[in-house]
Amino acid sequence: MKTILAPSLLAADFGKLGQEVREVAAAGAEFIHIDVMDGMFVPSISFGLPVIKSLRPFTDKVFDVHMMVEEPGRYAEAMKEAGADLVCVHQEACCHLDRTLHQIRDLGMKAGVAINPATPVSTLEWALEQVDLVLVMSVNPGFGGQKWIPYAKEKIRQVRERLCALGLEEQVRIEVDGGINQENVREAVEAGANVIVAGSAVFAGDRTANVKGFLKKFEMIEG
Ligand code: DX5
Ligand code: ZN
């Protein structure tokens, strides 16, 4: 699968989010990564569904919504209404993960499942056939601009192995999120990640140049 860049809006200028979305989309980002935080699952509060809805007219690119929220199933319908294409929920935040994943898919959205750095890949054993994407967190979620945790690579490898064993490697994407920049992205891609989230590495400085820089790296890695 071709590697996709998913700029995280958490690092964008909130005063001009629409323009920011337009710029990274025009530069070649396929996903727009949207971090929703509830102040419970993670310490911070970011933004919610009305903000996502207001951004929808700015692009046709995939809205990849990362729900750092306790029991995100409560918002499944509202996410659909706001224009989410892919909704990623945390394994740790869902008491009934299977139900939540089905709720998302039944509404016609793609479903993803995320795991925190300390959560083993084995907890997803029975979820892999119910998802379109697995998100391996390479920082503890809640804040942008952190340093990546290198053992995330081993977890990405494990996810890839399990997907291959199940014959799902062409259906289920592997996303990595946290502390990724143009210097370490090769390690994440070589481990098996094919959706790369980048916040500060895209929205600090020249956004267009940063997106193009990542895309060039992907081309080089893919040969
Ligand atoms: C962290 C968020 C990330 C974050 C990534 O809780 O899920 O998406 O914005 O930002 P960087 O790339 O700066 O680590
Ligand atoms: Zn995220």
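Both ligands and their constituent atoms are indexed starting at 1 by order of listing. Numbers here simply count residues along the sequence, with the first being 1.
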Inspect the surroundings of CZ in R99 and state if more than 12 heavy atoms from other residues, nucleotides or ligands are less than 6.0 Å away.
no

Looking only at N, O or S atoms, find the one in H66 nearest to the Zn ion (ligand 2) and name it.
ND1

Just checking, is any N or O donor in the side chain of E92 or T119 under 3.5 Å from an acceptor N or O on the other one?
yes

By atom name, which N, O or S atom belonging to D35 lies closest to the Zn ion (ligand 2)?
OD1

Judged by atom type as modelled, is there a donor-acceptor pair below 3.5 Å linking the side chain of D35 to the main-chain atoms of M68?
no

Does this structure show an ion pair linking E219 with K216, if we count only N-O contacts that are shorter than 4.0 Å?
no

Any carboxylate oxygen within less than 4.0 angstrom of a Lys/Arg side-chain nitrogen, looking at K153 and E187?
yes

C88 backbone or side-chain N/O/S under 2.8 Å from the Zn ion (ligand 2):
no

Using 30° and 60° as the class boundaries, would you call the ring planes of H90 and H66 parallel, tilted or perpendicular?
parallel

Just wondering, more than 12 heavy atoms not from M1 lying within 6.0 Å of its CE?
yes

Proximal protein residues to ligand 1, non-hydrogen atoms under 4.0 angstrom:
S8, L10, H33, D35, M37, H66, M68, M137, P141, G142, F143, G144, G145, D177, G178, G179, V197, A198, G199, S200

The Zn ion (ligand 2) to D177: nearest N/O/S atom name:
OD2

Using a strict cut-off of less than 4.0 Å between a Lys/Arg side-chain nitrogen and an Asp/Glu carboxylate oxygen, indicate whether R56 and D85 qualify as a salt bridge.
yes

